[in-house]
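Chain identifiers are assigned alphabetically (A, B, ...) following the order of the sequence lines, protein sequences preceding nucleic acid strands; residue numbering begins at 1 within each chain. Hydrogens, waters and symmetry mates are skipped; everything else that's a heavy atom, side chains included, is used.
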There are 2 protein chains.
Amino acid sequence: MGRVTLADVARRAGVSLASTSRALNGQVASAATVERVRRAADELGYIPDASARSLRLRRTGQLAFAVADIGNPVYVEMMREIESVVAAEGYRLVVSRTGDADATLDLVRDLNQGYVDGLILSPLRVTPALVEALEQTTVPTVVVGRLPEGARVDTVLADSEGGVALAVDHLIRTGARRIAFLNGPVDTTPGRFRQLGFREATADRTEVVTGEFHAEDFTIDAGYAAARVMLAADEWDAVIAVNDLVGIGILHAAHERGIAVPDELAVIGIDNTTLADVCHPGLTSVDLGAARRGHKAARLILARMEDGDLPPRAVRVAPSLHERGSTAALAGAARPGGPAAVPGSRRVR
Amino acid sequence: MGRVTLADVARRAGVSLASTSRALNGQVASAATVERVRRAADELGYIPDASARSLRLRRTGQLAFAVADIGNPVYVEMMREIESVVAAEGYRLVVSRTGDADATLDLVRDLNQGYVDGLILSPLRVTPALVEALEQTTVPTVVVGRLPEGARVDTVLADSEGGVALAVDHLIRTGARRIAFLNGPVDTTPGRFRQLGFREATADRTEVVTGEFHAEDFTIDAGYAAARVMLAADEWDAVIAVNDLVGIGILHAAHERGIAVPDELAVIGIDNTTLADVCHPGLTSVDLGAARRGHKAARLILARMEDGDLPPRAVRVAPSLHERGSTAALAGAARPGGPAAVPGSRRVR
DNA sequence: CTGAAAGCGCTAACAC
DNA sequence: GTGTTAGCGCTTTCAG
């Protein structure tokens, strides 16, 4: 027995192909026809063919989510949320690696093959060619991350500047005066805007001495390597890491040098991933709302697919600081639960 | 300007549809034709339609990877490896949540819609209905995890029993005599076989006192909750956790009670995820080879799609123990790097 | 409410 | 080497 097609069902039900299709898809059809067709389909074990439907309907029921590295927990969190939203609307999720800038470009261009109905893209690096490709593509797309002013593409934005400002303020309030920023590659969107945030937030704080360092990648290992250099060069009261992974690299390097965290060095990460809760001490971290960004991105793409003529939208997600053991408590503010506390964070803002 | 189809290219190149298709797909065609068609395609910006090709070719170029919860880092690791292998062969990866047993069954049945060319499935619970559905489906499938004896399905297996034995042996060699196993739900594949492994490994060790406990889920929170109960009830020298997440929950509970790890309580996790390296103390963990299982699964599905008549295969991946700070060092074996060491693990076996 | 027929875009026989 | 044609399985006009 080969594949059961709609024609088989039609034959068995003794009605036409058209009526069979209509009956199965809830279009106009007499109750009797629907009944007969349903029965025939059941008896035959009919399952509609996805490719044929896609070709005819010009829709696949699939959405793509593309990121540089799904190994970063922050993207996993985003993906979970996206999957959960779009699955509820009957869409499957295809995951892709964006790889380098060229690969990202290819990915966007390939979109026109129509293997998905929409794309949620979180590019690490945004080139003019990419923006152009995004504007040209006929497949609805939403970008999680910043695009140049005026780009006609739906975006969902983290408030990097605001988030870093939260971190800077917190450190200054807890007494830090020499504050370093350990960035990742600065030619990336997160690298660029988190750095900008650091500069803005410290610009008029004349009481503060600042420094900037760079990890070669947004990973624990790269963060550790860069932190060794940083800690060997100067003394700092506090470091803000471009993300939690780099923050954990700093924790390792500090531990290795015998520098006590938070007493001798406060550390703040960004992204507020599970890792921040698991490491020791717990990593105070700025939550840039990965899950919420995923949620918004999913909603945006769904809306865009619904109506392609909507004007481009930019949705913003607010940051919040989650205080853990890697930063000193504010004077008068008891550390929750005391020294033997179960890890957990205190939401500051 | 609407979609550019192959017919448009053919018209512009001044050759037939068939020749155009052949020229573009590297079939027999004169150099001149290829040249003209290529040019026409370029000029028109032709991009083949994925749905039409799928319908005609009876293949989608997509593979599905289905797991219960992509939030668990061990699945992320597996997915990364799978994605990297299949992407190199030109396949896209669709991720699905398996949800409960019914949802898993639906997923497998829906496979026959033909929206993917193959499925890699890692089910938490295996029911007879699922096995039957897997055997019936015409879409190549490989299961990561244990299936009942005789199931005619390709599988890749972790050696749970061997892995747990590694943990038990290590603990006994480092002097533990009262050893608990903190399992997850026992009606799951990992729960069942890791428990079996624990029982087998401790069966003829008359010098050892054992106990078994259960977390309600394979998560940090559930592990923590169960560990509180466990630690309140009795005194243990060591605990083996069903996975790293539960292991970290134990670390938290121990910390909360003021129990020193590893001096008063040794803890071993399973899966050897990034988390094991990040938590404090580092979690000694049994690596069940998630990345290698992902790799093998990808290879298996590729081979199966190549030749559907192959007899079902079962590929095994060997476990290894990675020693970190949560277990005492063997007498005479210096802890690598001393107390201020950079986190890292020592592969014992 | 139902049926006949066209056609989505592509590839693969088959004849030349 | 090339063109003609059928057809993958489905939905949707358009008549009746």
Side-chain angles (χ1 to χ4, degrees), chain A residues 1-38 40-41 44-62 90 110-117 138-139, chain B residues 1-38 40-41 44-62 90 110-117 138-139:
Chain A
M1 169 195 102
R3 254 197 87 60
V4 177
T5 71
L6 195 65
D8 298 325
V9 178
R11 207 168 304 127
R12 176 153 193 140
V15 294
S16 73
L17 198 54
S19 293
T20 310
S21 172
R22 283 188 292 247
L24 255 20
N25 293 312
Q27 313 276 49
V28 282
S30 71
T33 305
V34 171
E35 170 56 20
R36 301 176 62 179
V37 169
R38 281 261 169 74
L44 260 26
Y46 169 71
I47 295 173
D49 182 82
S51 300
R53 290 193 107 225
S54 298
L55 176 59
R56 188 59 233 237
L57 261 20
R58 310 267 61 194
R59 70 182 288 285
T60 60
Q62 296 190 155
D110 282 357
L111 233 46
N112 291 321
Q113 292 180 3
Y115 61 88
V116 289
D117 302 334
T138 57
V139 178
Chain B
M1 167 195 103
R3 258 197 83 62
V4 177
T5 72
L6 196 64
D8 298 325
V9 178
R11 207 167 306 126
R12 174 149 193 144
V15 294
S16 74
L17 238 194
S19 291
T20 310
S21 173
R22 283 189 293 248
L24 255 21
N25 293 311
Q27 312 277 46
V28 282
S30 71
T33 304
V34 171
E35 169 57 18
R36 302 177 62 178
V37 170
R38 282 259 169 74
L44 260 24
Y46 170 70
I47 294 173
D49 182 82
S51 300
R53 291 192 107 226
S54 298
L55 176 58
R56 187 60 234 233
L57 261 20
R58 309 269 60 194
R59 69 183 288 283
T60 60
Q62 296 190 155
D110 281 356
L111 233 46
N112 291 322
Q113 292 181 1
Y115 62 88
V116 288
D117 301 334
T138 57
V139 179

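- Atom CD in B/Q27 sits about 15 Å away from atom C1' in D/dG3, given to the nearest Å.
- Chain A approaches DNA chain C within less than 4.0 angstrom (heavy atoms of the protein), and the contacting nucleotides run 5' to 3' from C/dC1 to C/dG9.
- How far CG of B/L6 is from OH of B/Y46: 4.5 Å, rounded to the nearest 0.5 Å.
- Residue B/S54 is out of contact with every strand shown, counting any heavy-atom pair closer than 4.0 Å.
- Dashed line: the shortest gap from a side-chain N or O of B/S16 to OP1 or OP2 of D/dT2 is not under 4.0 Å.
- Residue A/D8 contributes atom CG, which lies 11 Å from atom C1' of D/dG9 at whole-angstrom precision.
- Look at CG on A/L17: it is 12 Å from P on D/dC8, rounded to the nearest Å.
- Distance A/D49 CG to D/dC8 P: 11 Å, rounded to the nearest Å.
- Residue contacts shown for B/S51 are absent, as no nucleic acid heavy atom lies under 4.0 Å away.
- When atom types are taken as modelled, the side chain of A/R22 and the backbone of A/Q27 share no donor-acceptor pair closer than 3.5 angstrom.
- Separation of atoms OG1 (B/T20) and CZ (B/R12) is listed at 13.0 Å; rounding is to 0.5 Å.
- Using a 4.0 Å heavy-atom cutoff across all strands shown, B/A18 reaches at least one base atom of the nucleic acid.
- Distance CZ (B/R56) to C1' (D/dT5): 11 Å, rounded to an integer number of Å.
- Between A/R11 atom CZ and D/dG9 atom P the separation is 12 Å, expressed in whole Å.
- The CG atom of B/L57 sits 13 Å away from the P atom of D/dG9 (whole-angstrom rounding).
- For B/V28, the listed nucleotide lying nearest its side chain is D/dG1; candidates were D/dC10, D/dG1, D/dT4.
- Expressed to the nearest 0.5 Å, how far CG of A/L55 lies from CZ of B/R53 amounts to 13.5 Å.
- One finds the CG atom of A/D117 at 10.0 Å from the CZ atom of A/R58 (value rounded to the nearest 0.5 Å).
- Between A/V4 and A/I47 the shortest side-chain heavy-atom distance does not fall below 4.5 Å.
- Contact of B/R22 with D/dG3 (side chain to base): a donor-acceptor pair of N or O atoms is detected under 3.5 Å.
- The nearest whole Å value for the distance from the CG atom in A/L55 to the C1' atom in D/dT12 is 13 Å.
- Where B/V15 and A/S19 meet DNA chain D, the nucleotide closest to each residue was compared, and B/V15 sits on the side nearer the 5' end.
- For the 3.5 Å distance criterion, the side chains of B/D49 and B/T5 fail to qualify, holding no donor opposite an acceptor.
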